[in-house]
There are 2 protein chains.
Amino acid sequence: MSDRRNERATVKDVAARAGVSPATVSRVLTGDYPVTATTRGRVQRAIRELDYVANAQARALKGAGTRLVAFVMEDVTGPSFAYVAKGVEHQATAHGRLCLICTTHGDPARELAVVEAMREQRADAVILVGGGFLNDEYRARMIQFAHALDKAGSRLVLCGRPSLGDDVPTTVVEYDNEGGAYAVTSHLLSQGHRRVAAVGLTRLDHTTSRDRLRGFTRAHEEYGVPVDETLLRAAAFTEADGHAATRALLAERADVTAIFAATDMVAAGAYQALREAGRRVPEDVSVVGYDDIPLAANLYPPLTTVRVPTEELGRTAVRLALNPAEKQHVVLGTHVVVRDSVAPVVVRSSAGNRLLR
Amino acid sequence: MSDRRNERATVKDVAARAGVSPATVSRVLTGDYPVTATTRGRVQRAIRELDYVANAQARALKGAGTRLVAFVMEDVTGPSFAYVAKGVEHQATAHGRLCLICTTHGDPARELAVVEAMREQRADAVILVGGGFLNDEYRARMIQFAHALDKAGSRLVLCGRPSLGDDVPTTVVEYDNEGGAYAVTSHLLSQGHRRVAAVGLTRLDHTTSRDRLRGFTRAHEEYGVPVDETLLRAAAFTEADGHAATRALLAERADVTAIFAATDMVAAGAYQALREAGRRVPEDVSVVGYDDIPLAANLYPPLTTVRVPTEELGRTAVRLALNPAEKQHVVLGTHVVVRDSVAPVVVRSSAGNRLLR
DNA sequence: AACACCCAAGAGAACGTTTTCTATCGCCTA
DNA sequence: TAGGCGATAGAAAACGTTCTCTTGGGTGTT
């Protein structure tokens, strides 16, 4: 192993070696000031010889230097976060920013720590990604964060969740959560389904869950189909929960013909439960998901789901936060991706299978 | 929208308000020096009243302040990167470091830019994650990066790829790539398979591909089964390529009984091609993958694959890089995860199906 | 040939901390 | 009671840049 404790050359050293002043070295470095070709050459040679590398901290202190964009979420391994991260990272580097990544695990103490750290770092944007909670305490905390960051010159960006109110200094980039749920539920209803279960949409304290349920309900209203409360099953947004909830559902209500899974992961669990119960998708039960994560296309049968423009969400978040002139609240569209997990409903009679409607 | 251009309070402001010197404020902040309770109280009140937040850049300039760990890969959306990232992020925050994320897209220019940026930032560790290329030019570049970072006081960490040589100042955290491939291939051979295709292992210029092929070959040698070159099919590590390569394979060699996919994503593509060809998994063709990404368990049938300890890879990378006293080269273990995609080979005869061996 | 002008380079302050060095006060001990 | 010492606080330097201000010298104009 080599030394690691290495005296790094400074502008002063370079200047001494090149026989010029530190100011000239700085000017060669930034290139925003005329310097004679010969002087520039001498300086550049000295830089090369000393393997000089600028100190970003010192630069930042003077107001120049690379700025930061922070990407904050509960857990890095959420299936769609990688795509938001990709959008954030691309846009951030396009703007010459470095991209920090922080996780909170939903722990308020860590959230606070992250926000404080970002205030100290003077991050340009702090992008909170994923749905938010709906209780007052959480909301108050977020509003406080927004103001705290604003005062420190940073911008809080809500990415994938609704606004906290017009008077809160935030940038909001959400997607049409309710609309997607409406569309995909309508898709099911249009295929004749009348007993549609919703798995994982009972968490009314969470924006994602709430908005998807709203779309689910609105579609039912529009079709004049009453929502059967007993078909609303609780489940966290995980495969395991989707599996368990669907199994329980099938045991109690063998008559469901379609399942709206709150997320594609939940849908994956539902697939599993259906398989175990010997019910085919989509012949016996249709299934739809939400998010359109890569997994969706790889399930068998490929899952009909709602596409969320994750990467664009990330890109937009950075772009808006860095361009205060732009409108600071946008809603990106969602759309149904039709694959093979939905079929028209059939009703089994003693005379055999017959298409309904 | 609010102002965003905000005069931030400095230690000097806090000191003035509290009626003390800047030095005292600093001491209250860091807490490493005795300060009277009453003075401390006054300072803390001033801090609160002014909503003072320290300037991380200025701190860093003085040698104190938060340090950085950088996480560098070609593309954020690689399916296992999120887990490595999780490990890196956890360990980094455990050590009080912030975590930068950078992508290169395999572009040498961007690689260089990232390394330069990290040198300027004086990142403690620069973690290169994913397999590496085997051509001389790439290798030389990496060696140069290692030395450049070393000279700037940063540590280059190779995460998931072999060492560049003992004289190169790097930390290496790899996993037993060859051993996993050997084990899973042996698993197939032990089930009687004798015509095993390898999809995606022809890239001999890539460490991941090369090492997995080595394990594949070694298992064949051990079983006395010659490797049939025509069963080695080229494919990038993507589902699309896995799909195309498998389709071509099946068209030419209908007699394969098992497929070793270079990665789980490739296996997903293989599943698709097999389904299209009307071949069942595992009854007609057994399939194994590599990586054990979450998708693997959700494929149907669930995929037998090789578990790579991704999260631990990330954790270890940070831990070693930050503790120079530890051994700077570790190889983490891999193991086969048996699911339902492998069955004993059967040979179809005119008399019907009969178990071979 | 004299003057104004512009271009290149240097001197030095400034950024916001931390930290060393110094000073003051009160208290303990001889 | 004097001298020394520990505890607390302040003054000022330092970290490595950038940037403003200043200066010197060469060139063009009349």
Side-chain angles (χ1 to χ4, degrees), chain A residues 5-44 46-47 50-67 96 116-117 119-122 151-153, chain B residues 5-44 46-47 50-67 116-117 119-123 151-153:
Chain A
R5 184 149 291 290
N6 210 318
E7 309 311 325
R8 287 182 277 270
T10 72
V11 242
K12 207 171 295 187
D13 302 323
V14 175
R17 179 164 197 119
V20 299
S21 76
T24 306
V25 175
S26 173
R27 295 200 254 258
V28 170
L29 250 13
T30 55
D32 58 351
Y33 195 90
V35 174
T36 312
T38 67
T39 322
R40 183 198 321 287
R42 282 221 309 282
V43 171
Q44 279 168 340
I47 289 177
L50 293 174
D51 196 25
Y52 166 81
V53 31
N55 182 325
Q57 276 80 28
R59 273 195 176 156
L61 184 56
K62 280 300 289 185
T66 328
R67 312 269 355 206
E116 274 314 296
R119 297 221 296 166
E120 294 190 359
Q121 297 291 336
R122 270 97 171 118
K151 266 190 279 190
Chain B
R5 184 151 291 289
N6 210 318
E7 308 311 324
R8 288 183 275 270
T10 72
V11 246
K12 206 170 295 186
D13 302 324
V14 175
R17 178 158 197 125
V20 299
S21 77
T24 306
V25 175
S26 172
R27 295 200 253 260
V28 170
L29 250 14
T30 56
D32 58 351
Y33 195 88
V35 174
T36 312
T38 65
T39 324
R40 184 198 319 289
R42 283 221 309 283
V43 170
Q44 279 168 340
I47 287 177
L50 293 175
D51 194 27
Y52 166 79
V53 31
N55 182 326
Q57 276 81 28
R59 271 193 177 158
L61 184 56
K62 282 299 291 184
T66 327
R67 312 267 359 202
E116 274 313 295
R119 296 222 296 166
E120 294 191 359
Q121 297 291 335
R122 270 100 171 113
K151 267 190 278 189

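Order of the sequence lines fixes the chain letters, A, B, ..., with proteins taken first and strands second; residue numbering starts at 1 for each chain.
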- Item | Heavy-atom check, side chain of V43(A) versus side chain of V35(A), under 4.5 Å | no
- Is there side-chain contact between R8(A) and R122(B), with at least one heavy-atom pair below 4.5 Å? yes
- Touch class at under 4.0 angstrom, heavy-atom based, for S26(B) against every strand present: base
- Any side-chain heavy-atom pair from T24(A) and Y33(A) closer than 4.5 angstrom? no
- Message: Quick check for you: name the first and last nucleotides of DNA chain D, 5' to 3', having an atom under 4.0 Å from a heavy atom of chain B.
- Response: dT8(D) to dG16(D)
- Message: Go through it in stages, so that I can follow the logic: the residues are D51(B) and R119(A), the test is side-chain contact (heavy atoms from CB on, under 4.5 Å), and I'd like the CA-CA distance, side-chain angles, deciding distance and then a yes or no.
- Response: CA-CA 11 Å; D51(B) 194 27; R119(A) 297 221 296 166; 3.1 Å; yes
- Query: Taking R42(A) for the side chain and A18(A) for the main chain, is one N or O donor matched with an acceptor at less than 3.5 Å?
  - Reply: yes
- For the pair made of NZ in K12(B) and P in dC15(C), what is the distance, rounded to whole Å? 7 Å
- So which one's nearest nucleotide on DNA chain D is more toward 5', T39(B) or A58(B)? T39(B)
- Item | Check against side-chain contact (heavy atoms from CB on, under 4.5 Å), T10(B) and D13(B) | CA-CA 5 Å; T10(B) 72; D13(B) 302 324; 3.4 Å; yes
For nucleotides 20-23 of chain C, list the nitrogen or oxygen atoms of the protein found under 3.5 Å from its nitrogen or oxygen atoms, one pair per line.
| from | atom 1 | to | atom 2 | distance (Å) |
| --- | --- | --- | --- | --- |
| dT20(C) | O4 | R27(B) | NH1 | 3.4 |

- Step by step, would you call Q57(A) with Q121(B) a side-chain contact (heavy atoms from CB on, under 4.5 Å)? CA-CA 7 Å; Q57(A) 276 80 28; Q121(B) 297 291 335; 4.1 Å; yes
- Figure out the CG/P separation between D32(B) and dT17(C), and round it to whole Å. 16 Å
- Message: Measuring from the side chain of K62(A) (C-beta onward, heavy atoms only), which nucleotide among dT19(C), dG10(C), dC15(C) has the closest atom?
- Response: dC15(C)
- Item | Side-chain touch V53(B)/I47(B), heavy atoms, less than 4.5 angstrom | no
- Task: Indicate yes or no: at least one non-hydrogen side-chain atom of E120(B) is less than 4.5 angstrom from one of R59(A).
- Result: yes
- Query: Between T38(A) and R122(A), which has a closest nucleotide on DNA chain C that is more 5'?
  - Reply: T38(A)
- Between CG of L61(A) and P of dA14(C) the distance, given in whole Å, is 14 Å
- Query: Atom CZ of R59(B) and atom P of dC15(C): how far apart are they, to the nearest Å?
  - Reply: 19 Å
